[in-house]
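A short write-up of the structure that comes next.
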Amino acid sequence: MGQVASIILAAGKGTRMKSRLPKVLHGVCGKPMLTHVIQAACDSGVDRNIVIIGHEADLVRDKAGSNIEWVNQSEQLGTGHAVMQAEPLLSGFEGSILILCGDTPLITSNTLKELMLTHTAAGNSVTVLTALMDDPTGYGRLVRDAAGEVKEIVEHKDASPQQLEIYEINTGIYCFDGPKLFAALKVISPANAQGEYYLTDVLAVLKNNGERIGAVKVADPSETMGINNRVQLAEADKIMRQSILHRLMMDGVTIIDPQNTYIDRDIVFGPDSVVYPGTVIEGYCRFGGNCRIGPYSHLKDVETGDDVTVQNSVVMESTVGNNVTIGPFAYIRPGTVLGDDVKVGDFVEIKKSVIGNGSKVPHLSYVGDAQIGKKVNVGAGTITCNYDGSQKWQTIIGDNSFIGSNTNLVAPVEVGQNAIIGAGSTITKNVPDGALCVERSKQAIYPGWVARKNKKK
Ligand code: UD1
Ligand code: CA
């Protein structure tokens, strides 16, 4: 259908959100709603995205995403006025224009494709996406003539009592012939109940010019739900979440309890993985096959290999190899790399550290700013003392070394390969390869001492 540009309306404040954050930046399944709309436009094959911003324009520009052309609408004088602001950017543009709203995050690329296909096939000057609503209150109504042809859109506040009985509403999404849209926008006026330049008035202008105008009814009206308040935000979040989980299940992931599992949109699992209840997976995550995630775990920006188990744990911005077990009750902080066959057990915190293949940190340890080689055993209660009160320092442990329980490794410090540290040691000097190092006072034994003490009493 030639070139397509989208114009996404996002200049409004969103007063009913009662928020300092502009409405279109409120998140649905982990991403700003505007970002979902832009994504749907891109996936439907749009060549350029133009976003109209006004309220908190700089913040929206920062957070919404990339590959976007921005246009400022300094005064919000209506949806028609908003679209007019894009005209200079589109001078000489002969293609189609898809109009979208920044507050309809559930719209899908399939619906947009269908709208554009119908538009082109019918040779329309405009095709509007409509929906049948049980409760059409507040929406513009689609008025058809006796033959069923689209005649005009009348806003709720301007509608007659008969028109208020119409259940087919304007979703605010349209496909226009570009040059005809901008020509018709020159004719509309703000002589209406809200004193605004209504984009919807363009339909009647085109109709009066003898142009073909048409409509496509959306199959699932919830897709076009506009978010105005936080109740609707939660509803949209729930709808999108269920569709994400549905897709994952159809792709071979077991979700034990879909009502209690929260997974963002761009997350990918290998086959036969299982997600247990109470699990939140956010951002950009990639899981291999046969992973077991949860219950009650929180992961963000994590990449794993196959056969990884994460139980009742938090894992942030980290990379995990194959056949790794984490938890229960572990906290893996950003910048951590766990190799293959690693075990991180209960009540262990790991921060910005590399742990080599086959190494184990099974219980009650803090490992920060460390590089641990292969097949190292870090005994229970071992602590890397990485902070001297002003600076962070590194701990290095070579392959096959054994760190006895309750060891303090006072960084910067290095333990060589095949070394053994006796339990309870506080290590402040480097330990060479193959050495045994014990740092603890000698054990004293006083035979019969208890009986003598009791006699004195
Ligand atoms: C609009 C439609 C209505 C439709 C409804 C669907 C018009 C006149 N009415 O009404 O027929 O049923 O959407 O949700 O178009 N915006 C700007 N600049 C402005 C005004 C609005 O960028 O000057 C943006 C808003 O931020 C919002 C979108 O345009 O994202 C829609 O504006 P809004 O005021 O919510 O229109 P509605 O009254 O809902
Ligand atoms: Ca609205």
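Order of appearance sets the numbers: ligands from 1, and atoms from 1 within every ligand.
Side-chain polar atoms of Asp220 and Ser222 form a donor-acceptor pair below 3.5 angstrom. With hydrogens and angles left out, the side-chain atoms of Gln242 and His246 include no donor and acceptor closer than 3.5 Å. A donor-acceptor pair shorter than 3.5 Å cannot be found between the side chains of Asp177 and Ser125.
Checked against a 3.5 angstrom limit, the closest N/O atoms of Gln73 and ligand 1 fall inside it. Checking only distances, Gly78 does come within under 3.5 Å of ligand 1, N or O to N or O. Note: an N/O pair closer than 3.5 Å links Gly140 and ligand 1 by distance alone. Ligand 1 has a nitrogen or oxygen under 3.5 angstrom from a nitrogen or oxygen of Leu9. For Leu77, a nitrogen or oxygen atom sits less than 3.5 Å from a nitrogen or oxygen atom of ligand 1, counting backbone and side chain alike. For Ala11, a nitrogen or oxygen atom sits less than 3.5 Å from a nitrogen or oxygen atom of ligand 1, counting backbone and side chain alike. Note: no N/O pair closer than 3.5 Å links Tyr198 and ligand 1 by distance alone. Residue contacts with ligand 1: Cys101 is placed with no nitrogen or oxygen under 3.5 Å of a nitrogen or oxygen of the ligand (distance criterion only).
Taking 4.0 Å as the cut-off, Ile169 does not count as a neighbour of ligand 1 on heavy-atom distance. Residue contacts with ligand 1 do not include Gly226, since none of its heavy atoms lies under 4.0 Å from the ligand. Using 4.0 Å as the threshold, His81 has no heavy atom nearer than that to any atom of ligand 1.
Across Glu155, Arg141, Arg16, Glu75, heavy-atom proximity to atom 3 (C) of ligand 1 is greatest for Glu155.
Close contacts between ligand 1 and Ala10 involve ligand atoms 22 (O) [criterion: under 4.0 Å to a heavy atom]. Per-residue contacts place Gln76 under 4.0 angstrom from the following atoms of ligand 1 (heavy atoms of the residue considered): 18 (N), 19 (C), 23 (O). Using a 4.0 Å cut-off to heavy atoms of Thr79, the atoms of ligand 1 that qualify are 7 (C), 8 (C), 15 (O), 20 (C), 21 (C), 29 (O), 31 (C), 32 (O). Close approach to Ala82 involves these atoms of ligand 1, each under 4.0 Å from a residue heavy atom: 17 (C), 18 (N), 22 (O).
With Thr35 contributing its side chain and Ala64 its backbone, the two residues share a donor-acceptor pair below 3.5 Å. Under a 3.5 Å cut-off, the side chain of Thr104 and the backbone N or O of Val37 do not form any donor-acceptor pair. Without hydrogens or angle criteria, Asp346 side chain to Pro328 main chain gives no donor-acceptor distance under 3.5 Å. Panel note: side chain Arg61, backbone Ile53; no donor-acceptor pair is recorded below 3.5 Å. Here the side chain of Ser353 pairs a donor or acceptor atom with the backbone of Asp369 at under 3.5 angstrom. Although no hydrogens or angles enter the test, the distance criterion places no donor-acceptor pair under 3.5 Å between the side chain of Asp237 and the main chain of Leu233. Between the side chain of Thr118 and the backbone N or O of Met116, no donor-acceptor pair lies under 3.5 Å. Formation of a donor-acceptor pair under 3.5 Å by the His36 side chain with backbone atoms of Val28 is found in this model.
Contacts between Thr171 and ligand 1 below 4.0 angstrom, taking non-hydrogen atoms only, involve the backbone exclusively.
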